[in-house]
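Sequential numbering from 1 along the given sequence is applied to the chain's residues. Counting starts at 1 for both ligands and their atoms, following the listed order. None of these values were measured; they are calculated from a predicted model.
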Amino acid sequence: MIKVGIIGGSGYTGAETARMVCTHPEMELVTMTSRRQAGIKVSKTHPFLKGFVDLRFDQALSENSDIDLAFLATPHGASMDHVPSLLERGIKVVDLSGDYRLNMPREYRQWYGIDHRDVVNLNKAVYGMPELFHDAITSAQLVANPGCYPTCAVLATAPLFANGLVEGKLIVDAKSGTSGAGVEPTQITHHPTCAASVTPYKVGQHRHTPEIRQALETVGQGEVDVVFTPHLVPIVRGILSTCYMTLNEKMDHESLYEVYEDFYKKSPFIRVNGTPNIASVSGSNFCEIGFELAGERNLVVMATIDNLTKGGAGQAVQNANIMFGLDQSTGLKFPGLGV
Ligand SMILES: NC(=O)c1ccc[n+]([C@@H]2O[C@H](COP(=O)([O-])OP(=O)(O)OC[C@H]3O[C@@H](n4cnc5c(N)ncnc54)[C@H](OP(=O)(O)O)[C@@H]3O)[C@@H](O)[C@H]2O)c1
């Protein structure tokens with residue numbers, strides 16, 4: 001069994017990771033940390049884990065803790081304080097934060113507002129989107145798990161950029177549930193503020209913008225100019241991204257469908273079908289993609305994921321499966337909720 005530790009276990013993605021790991025046939029959850037809830041039973045903080053996780057939160061990962069794999073469900077800026085020592089101990093790491101996603105320290109400084117303190121390992125990190133970078137993940141010791149919005153937008157559009165079928169401008173209009181903002185309430189995620197409203201935020205400034213661009217430029221054949229507008233909508237889980245592009249040449253629906261089917265033929269968590277729906281993927285590791293032509297060359301691609309699962313913990317476990325030579329869907333084969 002792969003012995004697993006989760007750092008940041010009291011938060012949303014930490015809890016979601018525990019939900020995946022506690023029933024995983026090849027993983028054993030041996031420690032979860034929380035600085036503020038150290039000593040408290042995990043199942044007291046996360047009652048849905050009662051009967052599945054019989055641990056108390058540890059203050060921190062002890063130097064002697066015997067683990068093979070660490071999931072860092074910690075904020076950006078914190079992960080890079082934990083990664084160097086974990087790697088030195090030979091532990092494989094999947095970091096759910098943004099600390100190791102952008103290749104350039106300069107770009108990290110620009111979008112995250114702090115200097116990168118672990119450039120050596122930044123250069124070794126593999127961007128963990130299995131549908132695009134599966135082979136690189138197999139030999140990685142450190143995987144940068146993609147952000148939730150980039151997962152949705154990049155999976156929606158990568159087949160088009162990889163095959164050179166669209167012009168270099170991508171407009172992403174995205175809606176997310178409030179769990180994307182983490183366990184600590186803020187003014188915009190406070191229930192009375194958001195429960196009956198829809199709010200755009202960080203327009204033109206969201207730090208997932210360069211991540212979307214970087215991933216698409218890596219699989220594609222040129223520069224991609226990304227305009228990304230996120231919105232907070234009154235649901236808890238889920239992201240819907242509506243992506244607008246211009247085809248280089250006129251194509252019909254059937255040819256586009258074949259492009260997607262071929263690109264994702266080895267990707268068990270991609271479903272290309274009619275109109276994507278958040279409820280279909282909620283609680284699951286699936287990404288649903290659909291598209292429509294709106295005029296001769298205007299293409300609208302829609303995609304949905306659960307931000308905590310495919311956009312966070314599920315994808316993290318999928319990456320870990322690949323890092324340990326398991327089938328990528330081990331422990332993740334369950335459908336979404338549907339309603
Ligand atoms: N929410 C999502 O949908 C989503 C999706 C994809 C990726 N992510 C990313 O995943 C990470 C976690 O997100 P989240 O939404 O789960 O956040 P969260 O709910 O706020 O949880 C963060 C956790 O990290 C712990 N923590 C904070 N600072 C720490 C430090 N310096 N050292 C160790 N532990 C620390 C906190 O507990 P204590 O303070 O008690 O230690 C808490 O358990 C973030 O980087 C986020 O951007 C989130």
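Between E16 and ligand 1 there is no heavy-atom distance shorter than 4.0 Å. Residue contact annotation: E184 has no non-hydrogen atom under 4.0 Å from ligand 1. G147 does not count as a contact of ligand 1, since none of its heavy atoms falls under 4.0 Å from the ligand.
Summary of contacts: the protein heavy atom closest to atom 40 (O) of ligand 1 is S34 OG, 2.7 Å. For atom 6 (C) of ligand 1, the closest non-hydrogen atom of the protein is G311 O, 3.0 Å. Closest to atom 32 (N) of ligand 1 among all protein heavy atoms lies H82 NE2, 3.1 Å. Closest to atom 39 (O) of ligand 1, if we only count protein heavy atoms, is R35 NH2, 2.8 Å. The single protein non-hydrogen atom nearest to atom 25 (C) of ligand 1 is G8 CA, 3.7 Å, given as residue, atom name and distance. For atom 21 (O) of ligand 1, the closest non-hydrogen atom of the protein is G11 CA, 3.2 Å. Among protein heavy atoms, atom 19 (O) of ligand 1 sits closest to V183 N, 2.9 Å. For atom 3 (O) of ligand 1, the closest heavy atom belonging to the protein is N307 ND2, 2.8 Å.
Contact annotation: for S10 versus ligand 1, heavy atoms closer than 4.0 Å belong to both the backbone and the side chain. Only backbone heavy atoms of S179 (N, CA, C or O) come within less than 4.0 Å of ligand 1; its side chain stays farther off.
For ligand 1 and G180, the ligand atoms under 4.0 Å from any heavy atom of the residue are 1 (N), 2 (C), 3 (O). The atoms of ligand 1 that sit less than 4.0 Å from any heavy atom of H76 are 45 (O). In summary, the atoms of ligand 1 found under 4.0 Å from a heavy atom of S97, numbered by their order in the structure, are 45 (O).
Looking only at distances, a side-chain donor or acceptor of D68 sits under 3.5 Å from a matching main-chain atom of K3. Using modelled atom types, one side-chain atom of S65 and one backbone atom of S62 make a donor-acceptor pair closer than 3.5 Å. Side chain of N321 to main chain of Q328: a donor-acceptor pair is present (N/O by atom type, distance under 3.5 Å, no hydrogens or angles).
Of the N and O atoms on the side chains of Q214 and Y127, not one donor lies less than 3.5 Å from an acceptor on the other residue. Between the side chains of S79 and T74, at least one donor-acceptor pair of N or O atoms lies under 3.5 Å. Between the side chains of D252 and S255, at least one donor N or O lies within less than 3.5 Å of an accepting N or O.
Among I6, L96, T74, the residue whose heavy atom sits closest to atom 7 (C) of ligand 1 is L96. Of the candidates I7, T13, T45, T13 brings a heavy atom nearest to atom 16 (O) of ligand 1. Of the listed options A73, S176, G182, A73 places a heavy atom closest to atom 22 (C) of ligand 1.
Within the 4.0 Å cut-off (strictly below), no protein heavy atom is located near atom 47 (O) of ligand 1.
Counting Ile, Leu, Val, Met, Phe, Trp and Tyr side chains that sit under 4.5 Å apart, directly or through other members, V339 stands alone, with no cluster partners. In this structure, L142 belongs to a hydrophobic cluster whose other members, linked by side-chain heavy atoms under 4.5 Å apart, are I7, V30, L61, I67, L72, M80, V83, L86, L87, I91, V93, Y100, L102, Y108, W111, Y112, I114, L122.
By the 4.5 Å heavy-atom criterion applied to side chains, L256 and L160 are counted as neighbours. Looking at D95 and F71, their side chains never come closer than 4.5 Å, going by heavy atoms from C-beta outward.
We find that E131 and K265 are not joined by a salt bridge, their nearest charged nitrogen and carboxylate oxygen being 4.0 Å or further apart.
Under the 4.5 Å side-chain heavy-atom criterion for grouping Ile, Leu, Val, Met, Phe, Trp and Tyr, V172 is connected to Y201 within one hydrophobic cluster.
Every N/O-N/O distance between G312 and ligand 1 stays at or above 3.5 Å. At least one N or O atom of Y12 sits closer than 3.5 Å to an N or O atom of ligand 1.
H208 NE2 to R101 CZ: the interatomic distance, rounded to the nearest 0.5 Å, is 4.5 Å.
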